[in-house]
Amino acid sequence: MSLQGSDRNPDPHPDEALARSLLSAHAVRERANMILAATLDGNVAELSVDLDRLENAADLVAETTRAAYPDLVVPPHSRFRHFSAGGHDRFGAIAAARGWTDPRGAARAAADLAIVSVLLDAGAGPDWVYREGLTGEAYSRSEGLAVASVAMFVSGLFSAVPADPLRADAISLATLATEELSAGFKVKPGNPLAGLDGRADLMRRLGIACADRDDVFAMEDEPRPGGIVDALVARAEGGQLPAAEILALVLDALGPIWPSRLVLAEVPLGDTWRHPAINTDDITTGLVPLHKLSQWLSYSLLEPLGWAGVEVVELDGLTGLAEYRNGGLFLDTGVIRLTDPADAERTHAVGSSLIVGWRALTVALIDRLAPLVRTRLGLDAESLPLAAVLEGGTWAAGRRIARTLRHDGGPPLKIESDGTVF
């Protein structure tokens, strides 16, 4: 069953239905391939694509995957991988200490943490570092943001119930002060975090959205992000749920949390942008949905749903993630090329046609890269779904090559970040 436009309005206006059609993994993949086709035809001014270079990128991804997972049993790309940074099973330790006897309760708490942490996982910038009090170890970028969010979760920062700190709920999120988040991330002079205000505002919007959508987030005492586990369990058929249906509900329920960007037929479109290469004969012309954080969140709900007894199927119904590690892999291996090399030194707005085109190409090219990686590893799509290709994978290989090419290991393009996209 599809969730597109059905939960809120069973008989939407045609324009609303068209707008809501962009809130899907199918739309992300379709429009990304439109950008790829236009680029291959020479109709994207800022970028070109050399498909022959995919072979080199596949070699790097396969080698990286073998090094990280010698047995080739690769877990899905999920925030839970980052929660184990440094080899420490932080959520496992939380679960053991809490002693959850109800798998559904543990799944809700895991989803609380995953949702909050994913939405805080936009680019940290090159100068921020988080030193973990428990281990004394220092982490930066995505791992640092993940480890910091675990510490904040354990401290009860996101809970309005002192006796139950291991949760996030609507009232605490809706009233979270920027200063509290700053303290949790240990931001100070000399340790700046990019997009801090945007992250704090996103948390407050998340709290409001949870309170507004009791059909998705309602719990016995207080609406919580983890309430989405119950909503998704109810949508499973025979204990199975297609991965794309997770994203459909995430986009429907959390659409209002994103800063004011594009709104079409009164439908907020989230991580959707304009690009001149997209030409259609309806009101969606020029629009490119990418939904990076929402898909990252959907991947990160696979494990909590499993603990709740739901088998998530059709994992490749989601797409690759349009972010700077995956995209950096293609730029750094020469699959994607800048028409003007000076663009590597300029700072670009996230909505610029260059950045939108680069992100869309990343999605389309991951689909072409995945079969090449599987062939090199002797695996098929069932044993190495797209979520595992990302984890094994494109994200790690993108980071690896970035560290060899740039002293700070940063992305190949400079992007203005507001803490809500990358």
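The analysis underlying the following values was restricted to heavy atoms, covering all of them including side chains, and did not include hydrogens, waters or symmetry mates.
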| Donor-acceptor contact below 3.5 Å, side chain R81 vs main chain H77 | no

| query | Under 3.5 Å, side chain of H88 to main-chain N/O of R90, donor-acceptor pair present? | reply | no

| task | Report the distance from atom CG of L173 to atom CG of L202, rounding to the nearest 0.5 Å. | result | 10.0 Å

| Side chain proximity check, K188 to S182, heavy atoms < 4.5 angstrom | no

| Among side-chain atoms of T347 and E416, is any donor-acceptor pair under 3.5 angstrom? | no

| field | Closest non-hydrogen atom pair, L47 against G357 | value | CD1-C, 3.8 Å

| Under 3.5 Å, side chain of D271 to main-chain N/O of L290, donor-acceptor pair present? | no

| Which atoms form the tightest heavy-atom contact between V229 and A111, and what is the distance? | CG2-CB, 3.6 Å

| Polar side-chain atom of E63 near backbone of L60 as donor-acceptor pair, under 3.5 Å | no

| field | Ion pair D408/R406, N-O distance below 4.0 Å | value | no

| query | Are more than 12 heavy atoms from other residues, nucleotides or ligands located less than 6.0 Å from atom CG of L264? | reply | yes

| request: State whether a side-chain donor-acceptor pair under 3.5 Å links T135 with E132. | output: yes

| message | If I compare all heavy atoms of E314 with all of A243, which pair ends up nearest, and what's the gap? | response | O-CB, 3.7 Å

| said: For a 4.5 angstrom cut-off between non-hydrogen side-chain atoms, does V129 reach K186? | reply: no

| message | Set out, in order, the CA-CA distance, both residues' side-chain angles and the distance that settles side chain to side chain donor-acceptor pair (under 3.5 Å) for E391 and Y69, then state yes or no. | response | CA-CA 10 Å; E391 176 58 30; Y69 300 98; 3.1 Å; yes

| message | Before we go on, tell me: are the rings of W296 and H82 under 6.0 Å apart, centre to centre? | response | yes

| How about L193 and Y130: do any of their side-chain heavy atoms sit closer than 4.5 Å? | no

| said: Between R205 and D201 (salt bridge meaning N to carboxylate O under 4.0 Å), is one present in this structure? | reply: yes

| said: Between N33 and R29 (side chain of the first, backbone of the second, donor and acceptor by atom type, cut-off under 3.5 Å), is there such a pair? | reply: yes

| Donor-acceptor side-chain pairing of R53 and T333 below 3.5 angstrom | no

| Evaluation steps, side chain to side chain contact (heavy atoms under 4.5 Å, CB included), between R108 and R224 | CA-CA 8 Å; R108 292 179 189 122; R224 291 168 48 186; 3.8 Å; yes

| query | Does any non-hydrogen side-chain atom of H275 lie less than 4.5 Å from one of V44? | reply | yes

| Which value, rounded to the nearest 0.5 Å, describes the distance between I171 atom CD1 and L176 atom CG? | 12.5 Å

| message | Do T394 and N326 pair up side chain to side chain, a donor and an acceptor below 3.5 Å, judged on atom types alone? | response | yes

| Note, R274 side chain near L262 side chain (heavy atom, < 4.5 Å) | yes

| Step by step, would you call W307 with F80 a ring pair (Phe, Tyr, Trp, His ring centres under 6.0 Å)? | CA-CA 13 Å; W307 300 330; F80 286 87; 5.5 Å; yes

| Which atoms form the tightest heavy-atom contact between L269 and H291, and what is the distance? | O-CE1, 3.4 Å

| Spacing of CG belonging to L315 relative to OG belonging to S298, to within rounding of 0.5 Å | 11.5 Å

| task | Flag the pair R359 / K292 as yes when at least one side-chain heavy-atom distance between them is below 4.5 Å, and no otherwise. | result | yes

| Smallest separation among heavy atoms of A68 and G392, with atom names | CB-O, 4.3 Å

| query | If only atom types and distance count, is the side chain of S383 paired as donor or acceptor with the main-chain N or O of L379 below 3.5 Å? | reply | no

| query | Is it true that a side-chain atom of R213 and a backbone atom of F217 form a donor plus acceptor pair closer than 3.5 Å? | reply | no

| message | Does atom CZ (R368) have a neighbourhood of more than 12 heavy atoms from anything else shown, all under 6.0 Å? | response | no

| N-O pairing of E55 and R376 below 4.0 Å | yes

| query | Any salt bridge between D252 and R20, counting N to O under 4.0 Å? | reply | yes

| said: Between S24 (side chain only) and A27 (backbone N and O only), is there a donor and an acceptor less than 3.5 Å apart? | reply: yes

| query | Are side-chain heavy atoms of E46 and R337 found at a separation under 4.5 Å? | reply | no

| query | If you measure only the distance, is there a donor-acceptor pair under 3.5 Å linking the side chains of T64 and R400? | reply | yes

| task | For side chain to side chain contact (heavy atoms under 4.5 Å, CB included), just list the numbers for F153 and S117, CA-CA rounded to whole Å, side-chain angles, deciding distance to a tenth of an Å, and then say yes or no. | result | CA-CA 9 Å; F153 183 74; S117 187; over 6 Å; no

| field | Side-chain donor or acceptor of S352 paired with backbone N/O of H348 under 3.5 Å | value | no

| query | Of the non-hydrogen atoms in G398 and L329, which two are nearest, and what is the gap between them? | reply | CA-CB, 3.9 Å

| Judged by atom type as modelled, is there a donor-acceptor pair below 3.5 Å linking the side chain of R31 to the main-chain atoms of L287? | yes

| remark: Value for CG (D282) from CG (L18), rounded to nearest 0.5 Å, stands at 5.0 Å

| Working for side chain to side chain contact (heavy atoms under 4.5 Å, CB included), residues I228 and L301 | CA-CA 9 Å; I228 199 170; L301 290 176; 4.3 Å; yes

| note | Paired with T178, the side chain to side chain contact (heavy atoms under 4.5 Å, CB included) test is passed by just one of R199, R204, M203, namely R204

| Passing candidate, side chain to side chain contact (heavy atoms under 4.5 Å, CB included) with S300, options D121, I246, L113, V118 | V118

| said: With rounding to the nearest 0.5 angstrom, report the CD1 to CG distance, I401 to N56. | reply: 9.0 Å

| Any side-chain heavy atom of L120 within less than 4.5 Å of one from L145? | no

| message | Pair L22, V267 - check side chain to side chain contact (heavy atoms under 4.5 Å, CB included), show working. | response | CA-CA 10 Å; L22 297 175; V267 176; over 6 Å; no

| query | Measuring from L254:CG to C210:SG, what's the distance to the nearest 0.5 Å? | reply | 6.5 Å

